[in-house]
K.L.:
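Dropping the structure in here first, questions after.
These figures come from a predicted structure and were not determined experimentally.
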Amino acid sequence: MKKDYKYKYIFRRMMNIIPHLKDMSVRNKIIIYIFASTIMSLTIFGTFMYARMYNNMLESTYSNISLMINNTSKNLNDSFNVIKYTTLGLTSSSTVKEWIADPKYFYEDNENVYAKQTIFDDELRRSLLFNNAWNLKLISTVATYVNDKGISYIFTKEMPIEKFKINSDRVFNDVKGRAQDYVFDVPPTIYDNNIYHVRRLRSPYNYNETITFLVATNEQLIADKFEELMMYNKANIYIYDKEGIILSSNDKTMLGKKINDKIIKNVDLTKINEISIEDKDYIAGYKVIESNGLTLVMTVPRENIVKKIFESMNYYILFSILLMIVLTSIVVILMMNSTKFIKDLLVCINNIKNKKYDTKMPIYNDVSLDELSTAVNSMTDELNYLIKETYEKQLLIKEMNIKFLQYQMNPHFLFNVLLTIQMKAKMCQDESIYKMVNALTTLLRAGIYTNSTAKIQLRQELEYVEFYLYLQRVRFEERLEYKINIEEEEMLNLYIPKLTVEPIVENAIVHGLENQIDKFLVTVNVYKSNNELCVEIIDNGIGFDVNKVINETHDDVTKRNIKRDKIGLKNTDQRLKLIYGLNYGLVIESHINEGTNIKVIIPLDEEE
């Protein structure tokens with residue numbers, strides 16, 4: 001719970017830093033981001049290298065342990081081979097051959113039995129006298145038994161003969177029950193620290209007649225062979241037989257006991273294993289001793305290995321931390337020098353914001369930055385000129401225009417007058433004048449109280465179109481005909497920018513009808529195409545040059561001439577592109593003396 005609380009606290013602290021980052025300058029953000037990315041990169045790289053070095057050192061330790069176990073196993077194998085062949089040599093004496101020929105050779109009722117035992121004893125001593133196992137003290141005692149009777153006791157050092165016999169007889173009595181085994185080893189006990197190598201021969205003529213050799217080896221002599229493995233702290237070394245009984249170990253309390261099953265079960269004897277004993281992890285290496293089939297195993301607490309590796313890596317950690325500090329310091333210093341122009345630029349922009357238009361940026365010893373500095377200084381010069389020479393003049397002109405508009409007629413007064421005329425026409429039952437005034441009032445309201453991005457339903461836009469066409473029909477009578485075709489009634493609920501279609505219809509009437517004497521037809525078609533709304537305005541007027549109208553520029557839109565209304569087409573197209581994107585707007589087709597077809601294409605806008 002405490003650990004989770006710690007992580008939550010750190011997370012909250014990090015989240016509290018984010019709002020402060022938003023308030024920082026761009027330069028400080030860049031420095032912090034690069035500093036953080038550098039620290040993160042170095043940390044990731046250092047962690048990767050640390051993990052790789054740790055794995056390499058762990059593998060090296062495993063390899064070293066495996067090599068040491070192999071060397072120790074080789075030494076033990078050599079020693080056990082000497083003991084094995086020495087024991088085998090004892091069974092090849094002439095007296096043993098006599099016994100094989102005559103199983104009753106050592107019976108007490110046999111002639112000269114004691115002389116035969118003496119001869120046999122002398123043969124064994126002569127055989128051991130110049131033997132390496134005897135000289136190296138790998139063999140400390142040799143006891144021979146015919147059936148259940150001891151007939152020879154030989155030892156290398158002065159010791160009480162009675163104790164020797166008692167120990168040998170005890171071991172022999174313990175192994176008599178293993179009648180099916182001919183060559184095996186007996187582990188030490190708390191009473192006797194010798195490992196006994198047992199070799200039993202049976203008479204080929206009588207299965208019950210046996211001769212048994214007990215060859216004793218001091219367990220400590222064997223334990224000295226794996227002294228090299230003891231360099232690992234808290235290492236435990238065992239030599240055990242096929243039943244798991246420990247014959248030799250650095251832990252003397254385990255001699256003669258069975259080894260822990262977790263050490264020898266479900267492990268690979270050909271490599272280093274990781275095992276768990278009583279919730280503690282160990283590294284275990286194994287090697288089978290070929291001469292006698294015993295197994296050498298070494299177990300070391302894994303934490304000791306890891307601790308030793310970490311201790312050897314302390315210098316690497318210290319070096320990595322120092323390197324990280326040096327590199328991040330260099331990066332921060334370089335970034336502060338490299339981003340100084342951002343600070344200068346922000347100072348310049350703030351000065352411009354505070355109306356200090358004569359501010360200048362310094363010149364840098366860098367081509368790109370000098371170009372930026374020159375561009376900003378040029379901009380401030382031009383801005384200073386525009387503010388003084390142009391903007392101030394425009395403010396005066398605008399102020400004059402506002403004052404001029406203040407003297408114009410109030411639109412509300414105009415609507416009130418039109419409403420009065422409309423009411424009078426209604427009272428006089430002049431329905432034609434009433435409708436004309438109503439249509440005019442609606443169109444004036446739509447034109448005055450609107451903005452460039454206001455949207456209305458298509459049905460309302462078409463009402464404006466119909467009001468305008470109605471007024472022009474009253475004016476031109478039979479010369480004007482118009483049609484409004486709608487593909488689906490539901491399309492009237494779609495939204496369209498206000499006064500998009502009406503100005504195009506107005507443009508058709510002004511430039512088509514007013515300049516010809518033939519009958520004029522305006523058709524408005526509303527339909528869907530490719531999930532887009534299309535409003536098509538078709539007239540049979542005189543037409544115009546589309547390229548000239550679209551590409552024509554008008555620096556002064558206040559100059560009213562015959563081309564002034566065509567500017568509305570270009571403005572409408574630009575307004576639709578501004579609202580919906582460059583893929584939408586007007587598609588204009590017009591031919592001189594043939595007519596004009598203008599399509600308004602916008603997305604299906606449900607304005608929810």
K.L.:
Rounded to the nearest 0.5 Å, what separates atom OG1 in Thr217 from atom CG in Leu247?
P.N.:
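Going from OG1 on Thr217 over to CG on Leu247, the span is 10.5 Å.
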K.L.:
Below 4.5 Å, heavy atoms only, C-beta onward: do Phe172 and Ser168 meet side chain to side chain?
P.N.:
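No; the side chains remain at least 4.5 Å from each other.
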K.L.:
Kindly determine whether Met254 and Ile259 satisfy side-chain contact (heavy atoms from CB on, under 4.5 Å), including the steps that lead there.
P.N.:
CA-CA 8 Å; Met254 294 298 295; Ile259 196 169; 5.8 Å; no
K.L.:
Restricting to non-hydrogen atoms, name the atom on Leu229 and the atom on Ile69 that form the minimum distance, rounded to 0.1 Å.
P.N.:
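Nearest heavy atoms, Leu229 then Ile69: CD2-N, 4.0 Å.
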K.L.:
Any salt bridge (charged side-chain N to carboxylate O under 4.0 Å, His left out) pairs touching residues 291-305, not counting sequence neighbours?
P.N.:
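Those involving residues 291-305 are Glu274-Arg302, Lys280-Glu303.
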K.L.:
Side chains of Pro187 and Leu255: does their closest heavy-atom pair fall under 4.5 Å?
P.N.:
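The answer is no, as the side chains (C-beta and beyond) never meet within the 4.5 Å cut-off.
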K.L.:
Under the side chain to side chain donor-acceptor pair (under 3.5 Å) rule, collect the residues that match up with Asn304, sequence neighbours excluded.
P.N.:
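For Asn304, no residue satisfies side chain to side chain donor-acceptor pair (under 3.5 Å) once neighbours in sequence are set aside.
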K.L.:
Using modelled atom types only, decide if a donor and an acceptor are shared between the side chain of Asn236 and the backbone of Thr299 within a distance under 3.5 Å.
P.N.:
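No.
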K.L.:
For Tyr196, give me all partners under side chain to side chain donor-acceptor pair (under 3.5 Å), at least two apart in sequence or on another chain.
P.N.:
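With neighbours one apart ignored, the set is Asp192.
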K.L.:
Once side chain to side chain donor-acceptor pair (under 3.5 Å) is applied, do any residues pair with Ser92, and if so which ones, sequence neighbours excluded?
P.N.:
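Ser92 satisfies side chain to side chain donor-acceptor pair (under 3.5 Å) with no residue once adjacent residues are dropped.
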K.L.:
Salt bridge (charged side-chain N to carboxylate O under 4.0 Å, His left out): which pairs involve residues 216-243, sequence neighbours left out?
P.N.:
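Qualifying pairs: Glu219-Lys252.
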K.L.:
Does atom OH of Tyr207 have more than 12 heavy-atom neighbours, drawn from other residues, nucleotides or ligands, at distances under 6.0 Å?
P.N.:
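Yes, enclosed.
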K.L.:
Roughly how far, to the nearest 0.5 Å, is CG of Leu604 from CG of Asn493?
P.N.:
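So the gap between those two atoms works out to 12.5 Å.
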K.L.:
Determine whether more than 12 heavy atoms belonging to other residues, nucleotides or ligands lie under 6.0 Å from atom CD of Gln220.
P.N.:
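Result for CD/Gln220: enclosed.
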K.L.:
Determine whether a donor-acceptor pair (N or O, by modelled atom type, separation under 3.5 Å) exists between the side chain of Thr87 and the backbone of Ile83.
P.N.:
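Present.
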K.L.:
Hey, could you give me the CG/CG distance between Asp148 and Asn173, rounded to the nearest 0.5 Å?
P.N.:
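So the CG of Asp148 and the CG of Asn173 are separated by 7.5 Å.
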K.L.:
Would you indicate whether the side-chain heavy atoms of Ile154 and Leu128 approach each other to under 4.5 Å?
P.N.:
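Result yes, sub-4.5 Å side-chain heavy-atom pair found.
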K.L.:
What's the shortest heavy-atom distance between Thr253 and Asp251, and which atoms?
P.N.:
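Shortest heavy-atom contact: OG1-OD1, 2.6 Å.
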K.L.:
Suppose the criterion is salt bridge (charged side-chain N to carboxylate O under 4.0 Å, His left out): which pairs have a residue in residues 119-134, not counting sequence neighbours?
P.N.:
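Only Asp121-Arg125 qualify under salt bridge (charged side-chain N to carboxylate O under 4.0 Å, His left out).
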K.L.:
For Asp174, check side-chain contact (heavy atoms from CB on, under 4.5 Å) against everything at least two apart and list the hits.
P.N.:
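For Asp174, the residues satisfying side-chain contact (heavy atoms from CB on, under 4.5 Å) (neighbours in sequence not counted) are Arg170.
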K.L.:
Looking only at the side chains, is there a donor atom on one of Asn64 and Tyr232 sitting less than 3.5 Å from an acceptor on the other?
P.N.:
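A donor-acceptor contact under 3.5 Å links the two side chains.
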K.L.:
Going by heavy atoms in the side chains, are Thr91 and Leu201 under 4.5 Å from each other?
P.N.:
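Yes, their side chains come closer than 4.5 Å.
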K.L.:
How far does CD1 of Ile245 sit from OH of Tyr240, to the nearest 0.5 angstrom?
P.N.:
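It is 12.0 Å, given to the nearest 0.5 Å.
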K.L.:
Please report the shortest heavy-atom distance between Glu606 and Leu494, naming the atom on each side.
P.N.:
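Closest pair (atom of Glu606, atom of Leu494, distance): CG-CD2, 4.0 Å.
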K.L.:
Please check this pair: side chain of Arg199 against backbone of Leu90, looking for a donor-acceptor N/O pair closer than 3.5 Å.
P.N.:
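Side chain of Arg199 to backbone of Leu90: no pair is present.
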K.L.:
Considering non-hydrogen atoms only, spot the tightest contact between Ile275 and Ala284 and give its length.
P.N.:
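Looking at all heavy atoms of both residues, the shortest contact is CD1-CB, 3.9 Å.
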K.L.:
Which atom pair, heavy atoms only, marks the closest approach of Asp268 to Tyr286?
P.N.:
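Closest approach of Asp268 to Tyr286: O-CD1, 4.1 Å.
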K.L.:
For Ile579 and Tyr584: C-alpha separation, side-chain torsions, deciding distance, then whether side-chain contact (heavy atoms from CB on, under 4.5 Å) applies.
P.N.:
CA-CA 9 Å; Ile579 296 173; Tyr584 302 97; over 6 Å; no
K.L.:
Do Tyr145 and Thr210 have side-chain heavy atoms sitting under 4.5 Å apart?
P.N.:
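The answer is no; the side chains never approach within 4.5 Å.
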K.L.:
Sequence neighbours left out, what pairs pass salt bridge (charged side-chain N to carboxylate O under 4.0 Å, His left out) with at least one residue falling in residues 74-101?
P.N.:
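Found none.
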K.L.:
I want to check something: taking the side chain as every heavy atom from C-beta on, are His197 and Ile195 in contact at a cut-off of under 4.5 Å?
P.N.:
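Touching, per the 4.5 Å side-chain cut-off.
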K.L.:
Is a side-chain N or O of Thr61 found less than 3.5 angstrom from the main chain of Met57, in a donor-acceptor match?
P.N.:
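A pair under 3.5 Å: yes.
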K.L.:
After noting the C-alpha distance and the side-chain angles of Asn260 and Ile277, does the key distance pass the side-chain contact (heavy atoms from CB on, under 4.5 Å) rule?
P.N.:
CA-CA 9 Å; Asn260 193 316; Ile277 303 174; 3.6 Å; yes
K.L.:
Which heavy-atom pair separates Ile100 from Tyr205 by the least distance, and what is that distance?
P.N.:
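Residues Ile100 and Tyr205, closest heavy atoms: O-CE1, 3.2 Å.
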K.L.:
May I ask you to decide if Tyr114's main-chain N or O and Thr118's side chain share a donor-acceptor pair within less than 3.5 Å?
P.N.:
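A pair under 3.5 Å: yes.
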K.L.:
Start with the C-alpha distance between Tyr85 and Asn81, add both sets of side-chain angles, then the distance that settles side-chain contact (heavy atoms from CB on, under 4.5 Å), and finish with yes or no.
P.N.:
CA-CA 6 Å; Tyr85 291 119; Asn81 265 331; 3.8 Å; yes
K.L.:
Under the side-chain contact (heavy atoms from CB on, under 4.5 Å) test, which residues partner Glu488, sequence neighbours left out?
P.N.:
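Partners of Glu488 by the side-chain contact (heavy atoms from CB on, under 4.5 Å) criterion, ordered by chain and then number, come out as Glu490, Met491, Lys528.
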K.L.:
Step through the shown structure and confirm whether more than 12 heavy atoms of other residues, nucleotides or ligands are within 6.0 Å of CG on Asn266.
P.N.:
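No, CG of Asn266 has 12 or fewer neighbouring heavy atoms, counting only those of other groups under 6.0 Å.
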K.L.:
What residues form a ring pair (Phe, Tyr, Trp, His ring centres under 6.0 Å) with Phe120, not counting sequence neighbours?
P.N.:
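Only Phe106 meet the ring pair (Phe, Tyr, Trp, His ring centres under 6.0 Å) criterion with Phe120.
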K.L.:
How far does OG of Ser529 sit from CD1 of Ile601, to the nearest 0.5 angstrom?
P.N.:
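Answer for the OG-CD1 pair, Ser529 versus Ile601, is 7.5 Å.
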K.L.:
Do you see a donor-acceptor pair shorter than 3.5 Å between the side chains of Tyr580 and Asp605?
P.N.:
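Present: a donor and an acceptor within the cut-off.
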K.L.:
Determine yes or no for a side-chain-to-main-chain donor-acceptor pair under 3.5 angstrom, with Asn273 supplying the side chain and Lys271 the backbone.
P.N.:
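At least one qualifying donor-acceptor pair exists.
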K.L.:
Who pairs with Asn147 by side chain to side chain donor-acceptor pair (under 3.5 Å), at least two apart in sequence or on another chain?
P.N.:
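Side chain to side chain donor-acceptor pair (under 3.5 Å) list for Asn147, sorted by chain: Glu209.
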K.L.:
Between Ile151 and Gln117, is there a side-chain heavy-atom distance shorter than 4.5 Å?
P.N.:
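Yes. Closest side-chain heavy atoms under 4.5 Å.
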K.L.:
Kindly check if the number of other-residue, nucleotide or ligand heavy atoms within 6.0 Å of CG (Asp181) is above 12?
P.N.:
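Yes, the 6.0 Å shell around CG holds more than 12 heavy atoms from other groups.
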K.L.:
Would you say that Met230 contacts Ile237 through its side chain, given a criterion of any heavy-atom pair below 4.5 Å between the two side chains?
P.N.:
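Sidechains of Ile237 and Met230: in contact.
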K.L.:
Among Thr141, Asp169, Thr144, exactly one meets side chain to side chain donor-acceptor pair (under 3.5 Å) together with Tyr153. Which residue is that?
P.N.:
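Only one option passes, and that is Asp169.
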K.L.:
Residues in ring pair (Phe, Tyr, Trp, His ring centres under 6.0 Å) with Phe184, at least two apart?
P.N.:
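Testing Phe184 for ring pair (Phe, Tyr, Trp, His ring centres under 6.0 Å), a comparison that skips the adjacent residues, returns none.
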K.L.:
Are the side chain of Ser66 and the backbone N or O of Tyr62 linked by a donor-acceptor pair below 3.5 Å?
P.N.:
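Answer holds: no.
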K.L.:
Kindly compute the distance separating CZ (Arg200) from OG1 (Thr212), expressed to the nearest 0.5 Å.
P.N.:
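These two atoms lie 4.5 Å from each other.
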